[in-house]
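Structure record follows, encoded as C-alpha cells.
Lettering of chains follows the sequences in order, A, B, ..., and the numbering in each one begins at 1. As the structure is a computational prediction, the values presented were derived from the model and not from experiment.
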Amino acid sequence: MSNKFYLTTTLPYVNALPHIGHTSEFIKADVITRYKRSVLGKENVWFNVGTDEHGLKNYQKARDLGKEPREYVDELAAGWKEFCELYRINYDTFYRTSASYHVKPAQEFWKRSVAKGDVYKKEYKGWYCVGCEEFKTEKEIIESDEKGENGKCAIHKKDLVWTEEENYFFRLSKYRDELLKWIEENPDVLKPAKAKTELVNWLSEMEDISISRSKENLGWGIDVPGDDTQVMYVWFDALTNYVNVLGFGQEFPPKEAFKNEEDWRLKTQNSKLEDWWPGVQIFGVDNLRFQCAIWQGILLTADLPQTKKLLRNGFILASDGTKMSKTVGNTVSPFDQEEKYGAEAVRFYLVAGIPTYSDSPYKEDDLVNIYNSHLANNFGNLLNRVIHLANTKEVKLNDEDLVENDFKEKILGYESRLKGLYEEYDLQEAANLVNELATFGNEYITENEPWAKDKTNEEIELTLNNLSYLLKTVIELYAPIIPDSCERAAKMLEKREKGVLFEKKEVGK
RNA sequence: CGCGGGAUAGAGCAGUGGUAGCUCGUCAGGCUCAUAACCUGAAGGUCGUUGGUUCGAAUCCAACUCCCGCAACCA
C-alpha cells in the first residue's frame with residue numbers, strides 16, 4: 001500500500017485577488033499537509049494549488065482591460081503566488097490551467113470519454129448569459145420585449161446573447177446510479193456528514209452537461225480533439241488538473257508546476273500516478289456539485305478511482321453572520337488582515353477560532369482574543385516561565401531521560417489524541433487540544449512551584465524538565481498551524497533564550 | 001407547501017434519550033517564576049415556540065416562527 005498523501009485545493013477562478021474564504025481553504029490545506037509531512041516525510045506528501053484561467057469571463061475581463069488574456073492571467077497567477085508566500089502556504093505544485101502542460105492531459109480525458117461513448121453532440125439555440133456561462137430558459141430571463149427578445153439574465157441583470165451553436169455534451173447522467181451507490185457505501189468520504197443529503201440530491205438530479213463552446217465565441221480554452229471549431233468548457237478542463245499534475249495523460253508530471261527541479265525529482269522519482277491518486281480534496285460550500293458530482297463523473301469516464309476524502313470547508317461569513325459580498329461592502333481582505341495582525345495570527349484564528357466545517361462569522365475581536373489567550377498568555381508565557389526559571393535556578397532542561405514516567409505517559413496520551421484529530425482533519429479540535437495541553441503545563445507549574453524557596457534543586461530540575469518535554473510536544477503539534485512561531489519557540493527552548501514569543505495584539509492594530 | 005443548513009449562557013460553538021458542556025468575555029479570590037501573565041472559584045441557559053412519544057427529550061415525531069445559503073463578486 002502506498003504511504004503517499006496527496007491533497008489539492010480547488011483551483012480558484014482567477015478573475016480577482018484572493019478573499020478570506022480562499023485564505024481559509026488554503027490555510028487548512030496547508031495545515032493538513034504540514035502535519036502529514038511531519039509524519040510521512042516530505043517526499044511522501046504532495047500539496048497542489050493553482051489557478052483556473054480559461055473561460056469567457058477571464059477572456060472578456062482581459063479585453064475590457066485592454067490586455068491579452070495571456071498577459072492578464074499571468075499577472076493574476078503571480079498575485080496568487082504572492083498571496084501563498086504571504087500566508088506561508090507551502091505548496092508543492094502551483095498548477096495553471098492555461099499552461100502548455102495542461103493541454104495534452106486535458107485532451108486525454110476528452111479522448112477517453114469519447115472512447116467510452118460518453119460524449120455526444122447536440123444543437124443549442126437560445127439566450128446565453130456570459131456571467132453564468134449558460135443558456136437561459138424562459139423562466140430565467142427578465143425584462144424581455146413582446147417578442148421575448150433582448151431580455152436580461154435574472155441573475156446577472158446583463159444583456160443576453162442569442163446564440164446558436166452545436167456543443168458537445170458529457171453523459172454525466174450515465175454515472176448517476178454508480179455515484180449514488182458510491183456515496184451510500186462510503187459515507188465517510190464526505191466531511192462533514194451533514195452535507196450528504198445535499199450531495200445525494202445533486203446526484204439524483206444530475207443531468208448531462210455541456211462541455212464545449214464554439215471557438216468563434218471563445219478562443220480562450222483548450223481545443224476539442226478532432227474538432228477545431230470547439231474549445232472545452234472551462235469546468236471540464238479545469239477539474240482534470242487534480243490528476244494531470246500527478247502525471248495523468250503524459251509521461252511525467254509537469255516540471256514547470258513545481259517550485260524547482262529538485263522538488264520535482266523528489267516527488268516524482270520512484271512514484272506513479274497510482275501512488276498519489278486517489279487523494280484528498282478541500283473545497284468550499286458552493287463547490288459541492290462540481291467536486292463531488294461532476295468531477296467524480298469525469299473520473300469514472302476516465303477509469304480513475306473516486307476521490308478518497310472530500311473536505312467541504314465552511315463559509316467565512318461577515319461579522320454579522322451574513323454572507324460576505326463586495327456589493328454590500330462587508331468583505332474582509334486577507335491582505336488587510338495580514339497587515340494588521342500578521343499571517344500567523346490570521347492562520348491561528350481561522351484554524352483554532354472558527355469551526356472547521358461549518359459556516360461562521362469572522363470577527364477581529366475573536367481573532368485578537370484567541371491569539372492573546374491561547375498563544376501569548378498560555379503557550380508563550382509558559383515557555384518564558386520555564387526558560388526563565390531554569391536559567392535562574394541553573395538546572396538542566398530538555399533532558400528526556402529526566403522526565404518522570406507518569407508525566408511522560410500523560411503527554412503521550414495527549415499526543416496520540418492529537419494525532420488522531422489531525423488524521424481525521426478535525427483541525428479546530430486539534431488546535432484546542434494543544435491549548436489544553438499548554439493549560440495543563442500552567443496548572444502543573446503552579447502546583448509544583450519551582451520558584452518556592454523550600455524546593456530542592458533536584459525537585460526544580462524534575463519539574464522544569466517535565467515541562468520542557470511538554471513544551472516540545474506543544475511546539476510540535478502547533479507547528480502545522482503556526483510554523484514560524486514554532487520554529488522560533490523550538491530555538492528558544494533549545495538555547496534557553498528568554499523572549500516574548502507572541503506579542504499581544506489589539507483590535508485594529 | 002422548491003431544496004438544504006441552522007436556532008443551546010454576552011459572543012462563537014460541542015452535545016442525536018439518562019444529572020446541560022467547551023473556548024472567549026465578565027466578576028471574586030489566590031499566587032508572584034512569567035508577556036498586568038498564571039491558578040482557583042463564581043455568576044450567566046425554562047437548549048426558537050407549541051403539542052406528542054417515553055419512566056425520562058436539547059436529543060425522537062408533528063406543526064409553527066425566525067435566520068442563513070442554494071443568485072452576482074465567490075471557497
Rounded to whole angstrom units, what separation is found between the [atom1] atom of [X] and the [atom2] atom of [N]?
{"X": "I387(A)", "N": "rU35(B)", "atom1": "CD1", "atom2": "C1'", "result": "13 Å"}
{"X": "W202(A)", "N": "rG5(B)", "atom1": "CH2", "atom2": "C1'", "result": "15 Å"}
{"X": "E506(A)", "N": "rC24(B)", "atom1": "CD", "atom2": "P", "result": "19 Å"}
{"X": "E443(A)", "N": "rC39(B)", "atom1": "CD", "atom2": "P", "result": "6 Å"}
{"X": "N381(A)", "N": "rA36(B)", "atom1": "CG", "atom2": "P", "result": "8 Å"}
{"X": "F348(A)", "N": "rU23(B)", "atom1": "CZ", "atom2": "P", "result": "13 Å"}
{"X": "E449(A)", "N": "rC39(B)", "atom1": "CD", "atom2": "P", "result": "14 Å"}
{"X": "R289(A)", "N": "rG5(B)", "atom1": "CZ", "atom2": "P", "result": "18 Å"}

[X] side chain near [N] phosphate (N/O to OP1/OP2, under 4.0 Å):
{"X": "K61(A)", "N": "rC73(B)", "result": "no"}
{"X": "K196(A)", "N": "rG4(B)", "result": "no"}
{"X": "N377(A)", "N": "rC38(B)", "result": "yes"}

Pick the [atom1] atom in [N] and in [M], then give their distance to the nearest Å.
{"N": "rG41(B)", "M": "rC22(B)", "atom1": "P", "answer": "11 Å"}
{"N": "rG4(B)", "M": "rA62(B)", "atom1": "P", "answer": "13 Å"}
{"N": "rA71(B)", "M": "rC3(B)", "atom1": "P", "answer": "15 Å"}
{"N": "rG10(B)", "M": "rU49(B)", "atom1": "P", "answer": "14 Å"}
{"N": "rA14(B)", "M": "rU8(B)", "atom1": "P", "answer": "11 Å"}
{"N": "rC33(B)", "M": "rG18(B)", "atom1": "C1'", "answer": "46 Å"}
{"N": "rU65(B)", "M": "rG51(B)", "atom1": "C1'", "answer": "15 Å"}
{"N": "rA11(B)", "M": "rU16(B)", "atom1": "P", "answer": "23 Å"}

Check every strand shown and say whether [X] touches a base, only sugar-phosphate, or nothing at a heavy-atom separation below 4.0 Å.
{"X": "L501(A)", "result": "base"}
{"X": "S373(A)", "result": "sugar-phosphate"}
{"X": "P450(A)", "result": "nothing"}
{"X": "F502(A)", "result": "base"}
{"X": "N201(A)", "result": "sugar-phosphate"}
{"X": "G499(A)", "result": "nothing"}
{"X": "H19(A)", "result": "base"}
{"X": "N432(A)", "result": "nothing"}
{"X": "F315(A)", "result": "base"}
{"X": "I316(A)", "result": "base"}

What string of B, S and - do you get for nucleotides 7-14 of chain B 5' to 3' if you count protein non-hydrogen atoms under 4.0 Å? ----SSSS

Consider the side chain of [X], meaning its heavy atoms from C-beta on, and name the nucleotide among [options] that approaches it most closely.
{"X": "H374(A)", "options": "rU23(B), rC73(B), rC38(B)", "result": "rU23(B)"}
{"X": "E198(A)", "options": "rC33(B), rU35(B), rG4(B)", "result": "rG4(B)"}
{"X": "T446(A)", "options": "rC38(B), rU23(B), rU35(B)", "result": "rC38(B)"}

When both hydrogen-bonding distances must be under 3.5 Å and the geometry is Watson-Crick or G-U wobble, what is [N] paired with, if anything?
{"N": "rA62(B)", "result": "rU50(B)"}
{"N": "rG4(B)", "result": "rC68(B)"}
{"N": "rC73(B)", "result": "none"}
{"N": "rG45(B)", "result": "none"}
{"N": "rA28(B)", "result": "rU40(B)"}

Could you check whether K309(A) makes a cation-pi contact with Y425(A), meaning its NZ or CZ is under 6.0 Å from the centre of the six-membered ring and within 45° of the ring axis?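 Output no; distance or angle outside limits.
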
Just to verify, what does D74(A) make a salt bridge (charged side-chain N to carboxylate O under 4.0 Å, His left out) with, not counting sequence neighbours?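 R70(A), R96(A).
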
Is it true that atom CD of E503(A) has more than 12 heavy atoms of other residues, nucleotides or ligands lying nearer than 6.0 Å?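 No, because the 6.0 Å sphere around CD of E503(A) holds 12 heavy atoms or fewer from other groups.
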
Just checking D320(A): does its CG atom have more than 12 heavy atoms from other residues, nucleotides or ligands closer to it than 6.0 angstrom?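 Counting neighbours around CG of D320(A), more than 12 heavy atoms of other residues, nucleotides or ligands fall under 6.0 Å, so yes.
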
Which heavy atom of A343(A) sits nearest a heavy atom of L86(A), and at what distance?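 Closest approach of A343(A) to L86(A), heavy atoms only: CB-O, 3.3 Å.
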
Does a donor on one side chain and an acceptor on the other come within less than 3.5 Å for [X] and [Y]?
{"X": "T439(A)", "Y": "N378(A)", "value": "yes"}
{"X": "K28(A)", "Y": "N313(A)", "value": "yes"}
{"X": "E404(A)", "Y": "N466(A)", "value": "yes"}
{"X": "Y242(A)", "Y": "Q291(A)", "value": "yes"}
{"X": "Y349(A)", "Y": "Q337(A)", "value": "no"}

Ionic contact status for E423(A) with K419(A), cut-off 4.0 Å: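 No, no charged N to carboxylate O under 4.0 Å.
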
Answer yes or no: is there an ion pair linking E184(A) with K196(A), defined by an N-O contact shorter than 4.0 Å?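 Salt bridge: yes.
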
By nearest heavy atom, map F379(A) and T10(A) onto RNA chain B; which one lands nearer the 5' end?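 Nearest-nucleotide comparison on RNA chain B picks F379(A).
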
Residue closer to the 5' end of RNA chain B, I370(A) versus T197(A) (nearest nucleotide):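 Going by which nucleotide is closer to the 5' end, it is T197(A).
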
Relative to each other, are the rings of H22(A) and F26(A) parallel, tilted or perpendicular (30° and 60° limits)?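 Geometry flag for F26(A) against H22(A): perpendicular rings.
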
Contacts under 3.5 Å, N or O only, protein and nucleotides 43-45 of chain B:
none

